[in-house]
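For reference, the structure is listed below as structure tokens.
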Amino acid sequence: MTVPKEIPEKWFPVAFPQQRKKQKGRERGISKKTRREEERRVRANDREYNEKFQYASNCIMTSKYNIITFLPVNLFEQFQEVANTYFLFLLILQLIPQISSLSWFTTIVPLALVLSITAVKDATDDYFRHKSDNQVNNRQSQVLIRGLLQNEKWMNVRVGDIIKLENNQFVAADLLLLSSSEPHGLCYIETAELDGETNMKVRQSVSVTSELGDPNNLASFDGEVVCEPPNNKLDRFCGTLYWRDKKYTLTNQNMLLRGCVLRNTEFCYGLVIFAGPDTKLMQNSGRTKFKRTSIDRLMNTLVLWIFGFLVCMGVILAVGNAVWEREVGSLFQSYLPWDPPVDNFLFSAFLAFWSYIIILNTVVPISLYVSVEVIRLGHSYFINWDQQMFCSQCNTPAEARTTTLNEELGQVEYIFSDKTGTLTQNIMSFNKCSIDGQSYGEVSDPLGPQPKKLDFTPFNPLADPDFCFYDDTLLESVKVGDSHAHEFFRLLSLCHTVMSEEKSEGELVYKAQSPDEGALVTAARNFGFVFRSRTPGTITTTEMGRPVTYTLLAILDFNNIRKRMSVIVRNPEGRIRLYCKGADTVLLQRLHPCNQELMNITSDHLNEYAADGLRTLALAYRDLSEDEWEAWAESHRCADKATNCREDRLAATYDQIEQGLMLLGATAIEDKLQEGVPETIAILSLANIKIWVLTGDKQETAVNIGYSCKMLTDDMTEVFIISGHTVQSVRQELRRARERMVELSQTRHMGKEGWGEACFVGNGLRERQEGAGTGGGVKQLHCSPSPSNLMDNISGEFALVINGHSLAHALEADMETEFVSTACACKAVICCRVTPLQKAQVVELIKKHKKAVTLAIGDGANDISMIKSAHIGVGISGQEGIQAVLASDYSFSQFRFLQRLLLVHGRWSYLRMCRFLCYFFYKNFAFTMVHFWFGFFCGFSAQTVYDQYFITLYNIVYTSLPVLAMGIFDQDVPEQRSLEYPKLYEPGQLNLLFNKREFFICIAQGIYTSVVLFFVPYAILSDATQSTGVPLADYQTFAVTTATALVIVVSVQIALDTGFWTVVNHVFVWGSLGSYFTIMFALHGQTLFSIFPSQFHFVGSALSTLLQPVVWLTITLATAICIVPVLAVRFLKLDLKPQLADTVRYTQLLRQKKRKPVGRSVGGAWRGMGSMSEGRLGARGGSRRSGYAFAHQEGFGELITSGKNMRLSSLALATFASRHSSSWIDTLRRKKHTHTPTTASEESSPAPSCVSGSVPPLSNSSSLLGGSQDTPIEEETATGQNTQTVAASSTQAVPALAPDSEAPAPQGSAQTLSTADLTSTAVRCHGGDSSGGWIVTLGTVQEALFGWKGIAARTSVSSSSGTHSVAKETNHIE
């Protein structure tokens, strides 16, 4: 993407108002000549004048290369890789014959292959960028040239041109609106590409140009615009229009920005102000960044270390060569003289150094990078081919748009998500309502059949067929003429700012400024109160088939402070009534005292609706007398005409009449989440992934969605809202939030001091028995955090909500540390009203301070900068275009696929890459270091141990395919277990599988193997003889023996490293071993020797060597010495300190042995021991939030009453889909409980006891995330009669412990719990590892697998199927 221009100092007050004073001072000291563009001057219809300023054209370029620059730029980028530069250096050395021990083609061929593969991949990626750019640049636009409209490509549009836009066309550049087909120069735009909002926005031209609708008039328009230079502020524009000796102020309301779509307007004309890279859309896009994974960066570091190690080995061997040549070699000068260039031992040592550099360079072979690219390509295809990430509704598969970041998908710690279109479908549906204390919309019988969708057509011919509602009692209430129901829907049909168009008789299309209003008016329409049309002074409806026209007396407009709107109407009978709807938190305070009982009932309903994450809204009315209306109207006219504090006076006037209201009821609207969003967020949270929502929506909307998707819950300790408008206020709010976190955390810890002491008492006996004298028990179990790292030890679930204007201050250099420390201590963070650039800045902030892998996911053009800034960018192909997809690294169509992308593909990719690298470094050090040891026995002459063809083929043929198969296909646990146990994801976040420590372990193992492979054959063969008495102590026999032992050892090693065997693995491992013998016998045969006698020096060596029994004995002994220690270490590690994956595999093994497989549905409803019918689960109490019209804009009511927008076209409303249920996820998001301690001795206490015995790591586990609960047969028999379906509690076998005869298990002791303890307060017992075994309790197993610190009866409801499924966990006393 084109680099945005720097914002000049003069316009900093526009872009960064908080830095105004600082920039003013700086401005005075800067010469005008040294500044960039300070202001923009544009003259209409005068290209010659505008070209003097050399403004950017409207051509955009997001590609990186062209035909000329591709080769040099791409090679420059590739040689930034340390390894590529390293191999180029080796190639140059090999071209020098005096020091080259190997042929030059052994390096240049693989290097050229690597560079070519990478170049082709980069060229393909850039080709698609060029294709996308050309598609955009070649769009057609009508440009006014010399009085005529001519079709021009977007790329040919210039600043100062006047262009014509038609309905549903994209805006080609940033335009000043001149005129439109609508009255008063109005037009309607959709800004989804800019800010993600799909509601309509109004723009209006300057009054003096609104009448220039004719091309002839526009051709003579020569006005000049002076405005701010290009910047990235989407919501601001400052400029002045000079025309006919007058000047007119220009604001953002006069601008149409590139990326917007013209809606409901037949045509409009605009003057191009900013074009191409200068447009605000492109200024917010950021630049294309070259992304590298953390493993890539680590490999670059390791290559440097290895090169240093290689130099050290070369120096040691060169010094040895100098010493040997001086002390011993001089004795052989008479018959073995030095080569002509060498005249002394020092020069000989110098040449030997470079020769050994070439010989030993295989510690990092070029095939490593070829293999890495192949493995990444394979992982990318697995993502593309995954049927479970394919969306059948939109026929869109998942796509890996890059092949370089797959393993980093397994290391993500922070996810930054857009809201609209990413978490939600952006579809509003009228879900429930409360009328006169009666709640409608509930499913009456959760266990019964699902009710059918109501058919409104027989009752109301004007009904919207796409409207979904299921409670027929409300429809019956309307039919029988319930006055409260009629008044309820009459309010919804009158109190709004919706525009209506009737294309044909009965075919109504509503144009709503916000989706909320559209849903409410549509609901009223279906229940018989149809809004038909409006004028500035009237509203026409059809009420129960009867047309009614109301006189619109006033609209009391909505704003963020009032959080309500009202209309005052006069009905045909002459009665005046005020209708009001708004946030219940403000409207209920204005009710007449006689509404108290109804208000209490309605408040309960509102709490229930809010608990379901619905956007709630209260409705009320008030009757007015003529005198009251006349008095108020006069005060309103005075306030409206006030020149000072007009808004405050109007607000006071509104508040005066909105008192003593009569409550009608409440509505509940659902902003439909995408399928599986709550479940996905919950599972990712269990994987220790923090999710931040960065949205351009208002705070209330974002908070409501946060509750809907279970990011925010009423179980949270506290939710902090940062809304300061100044630097100091934001700093104070952040500090108060941190102080409150620390205070609440310390309170929780102080309340648990007794728990800590009891925890020590409960474990004290075991500590003294197993590790007396350690004395560390109390300190380790102390619960209070140290003051120095209080923020790092915050306990409790906190959330942070911050507004865009506050975030601008929080992102300043002196505030960012405070913001990061506060936000990262929270479980959920929501940033509202943020600009696209702020989204990118938040991502960069976390990358800078937390050193964590970040992932950004979005679906609109406003998310591009965030997607490009994050380590991994994911685009959702939604309703906001494909710009986000084109800028992303991975794309799919549903947010729920993210859990599979990370927990399955990402984790596997990271695991496979780490195992591949560990084995690769091991096998190459084992191969190369043999040359080092051999140097001490060959006079440091740079003689190779192996045949040169073996050296060439070792990494290309003999060992390449098995490690590729492991790197592509290996698994530690099946995909179902990866989703079932999210904690398996944490090793990637902590980078445990491949780091510097693991690297040195692999190197140490490789060096140990090389020592064995050299010295064991050397020791045995030095005194061995053939059966004929001929000695075996010759170079060729030793070379064949060592090479054969090496290939066998590394093949056995990869067989041990492979955790998931496929046919491909078997073919590659054993096929490579077979190919070694086949090729070796061919190369050592008579045929090739007779053709090329000077090239093949090992003729007959293979056959004569491998026929000797002592050689096979030597190979077997060397293999055993290399492999047995590895087996012993792994066995002890598995037995004494198993990893979580080992525990899960052990569970899987016992499931397969003990029980037949049970069908499972990952991510579905939980399986319980029975089912039950109960009321609402997990409902939040006392938390009311209104979601009314949060996308609404102030001033729309005034626009309606002025009559400026009465001639409008249509807005097609989105269809409504059925509500997705996510109530089961409440259980996953509960606060973590702590365990009640047990006593130390089972003899002295009837409470839970300590039981010693054989305890495996974990034999079985409840499938808590959508699977079966499998129990071994023995325990099923013992507890089968006790498993009953009850409402309060049930007993079920604890995941079983395998008997000693079934599977090996570590020895230790386990603490168990009584059923009474389990159903009340769960128990967590801390125990350390002992020398003889380890401790496993149900609590610690749960914490390890799921991140939960407690177990209790947990209940889940799947309302989508209409059945309640209960999963309960209880204890079983042996």
Side-chain angles (χ1 to χ4, degrees), residues 1-15 23 27 30-61 136-137 141 143-147 150 152-164 171-178 205-206 209 218-234 236-252 254-259 269-285 287:
M1 195 66 70
T2 307
V3 185
K5 290 186 178 180
E6 198 174 293
I7 301 176
E9 285 76 10
K10 176 177 178 179
W11 293 97
F12 262 87
V14 176
Q23 295 302 330
E27 180 183 0
I30 299 177
S31 171
K32 186 174 181 179
K33 295 181 180 179
T34 61
R35 297 176 187 164
R36 294 195 181 185
E37 185 179 350
E38 294 181 358
E39 62 183 17
R40 173 156 295 203
R41 291 182 171 271
V42 179
R43 185 177 295 171
N45 295 313
D46 194 343
R47 282 194 173 186
E48 182 179 353
Y49 173 81
N50 296 322
E51 286 174 358
K52 294 191 305 183
F53 301 100
Q54 298 181 347
Y55 295 139
S57 71
N58 204 38
C59 179
I60 64 166
M61 183 183 303
V136 173
N137 289 330
S141 184
V143 181
L144 188 63
I145 301 177
R146 291 183 294 275
Q150 300 180 12
E152 285 281 356
K153 296 179 180 179
W154 276 22
M155 61 191 299
N156 296 327
V157 172
R158 296 290 182 266
V159 171
D161 288 349
I162 295 178
I163 65 176
K164 179 182 180 182
V171 179
D174 288 357
L175 308 178
L176 170 65
L177 179 62
L178 297 177
S205 65
V206 180
T209 65
L218 289 168
S220 61
F221 177 67
D222 59 353
E224 184 172 355
V225 174
V226 179
C227 65
E228 66 191 45
N231 61 72
N232 52 37
K233 304 298 289 184
L234 293 174
R236 297 194 182 192
F237 178 80
C238 298
T240 304
L241 170 63
Y242 295 90
W243 190 41
R244 294 176 178 174
D245 299 326
K246 293 184 179 180
K247 62 180 181 179
Y248 307 89
T249 301
L250 304 177
T251 67
N252 199 52
N254 309 124
M255 296 294 294
L256 305 179
L257 302 184
R258 179 179 180 133
Y269 290 92
L271 172 66
V272 178
I273 304 297
F274 302 120
D278 291 342
T279 59
K280 293 182 182 289
L281 174 65
M282 300 301 292
Q283 292 276 306
N284 275 281
S285 295
R287 66 187 313 177

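All values below come from the heavy atoms of this structure, side chains included, with hydrogens, waters and symmetry mates left out.
Looking only at side-chain heavy atoms (C-beta outward), Asp161 and Glu152 stay at 4.5 Å or farther from each other. Using a 4.5 Å cut-off on side-chain heavy atoms (C-beta onward), Met255 and Leu175 make no contact. Leu218 has its side chain out of reach of Lys164: every pair of non-hydrogen atoms, C-beta onward, lies at least 4.5 Å apart. In this structure, the side chains of Arg158 and Ser57 come closer than 4.5 Å at one or more pairs of heavy atoms. Between Pro230 and Arg40, the closest side-chain pair of non-hydrogen atoms falls below 4.5 Å.
Residues passing the salt bridge (charged side-chain N to carboxylate O under 4.0 Å, His left out) test with Asp174, sequence neighbours excluded: none. For Arg41, the side chain to side chain contact (heavy atoms under 4.5 Å, CB included) partners at least two apart in sequence or on another chain are Glu39, Tyr49, Phe53, Tyr55, Glu224, Val226. Here Asn50 pairs with Val42, Arg43 under the side chain to side chain contact (heavy atoms under 4.5 Å, CB included) rule; sequence neighbours left out. By the ring pair (Phe, Tyr, Trp, His ring centres under 6.0 Å) test, Phe274 is found to be paired with no residue, residues two or more places apart in sequence or in another chain being considered.
Remark: Arg258 CZ to Gln283 CD distance equals 12.5 Å, nearest 0.5 Å. Distance CG/Asn58 to CG/Asp278: 10.0 Å, rounded to 0.5 Å. One distance of note links CG of Asn45 with CG of Leu271; it measures 8.0 Å at 0.5 Å rounding. For the atom pair CG (Asn254) and CG (Leu178), the distance works out to 10.0 Å, reported to the nearest 0.5 Å. How far SG of Cys227 is from CG of Leu250: 8.0 Å, rounded to the nearest 0.5 Å. Remark: Tyr248 OH to Thr209 OG1 distance equals 9.0 Å, nearest 0.5 Å.
Side-chain atoms of Lys280 and Asn232 include no donor-acceptor pair closer than 3.5 Å.
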Extract all donor-acceptor atom pairs below 3.5 Å that involve side chains of residues 239-246 and protein atoms in other chains or at least two apart in sequence.
{"residue": "Trp243", "atom": "NE1", "partner": "Asp222", "partner atom": "OD1", "Å": "3.0"}

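By the 6.0 Å contact criterion, CD on Glu48 is open, its count of non-hydrogen atoms from other residues, nucleotides or ligands being 12 or less.
Annotation for Ala219 and Gly147: closest pair CB-CA, 3.6 Å, computed over non-hydrogen atoms. The two residues Asn231 and Pro229 come nearest to each other via the heavy atoms ND2-O, 3.1 Å. For Trp154 against Val171, the heavy-atom pair with the smallest separation is CH2-O, 3.7 Å. Across all non-hydrogen atoms, the minimal contact from Ala275 to Val159 is CB-CG2, 4.0 Å.
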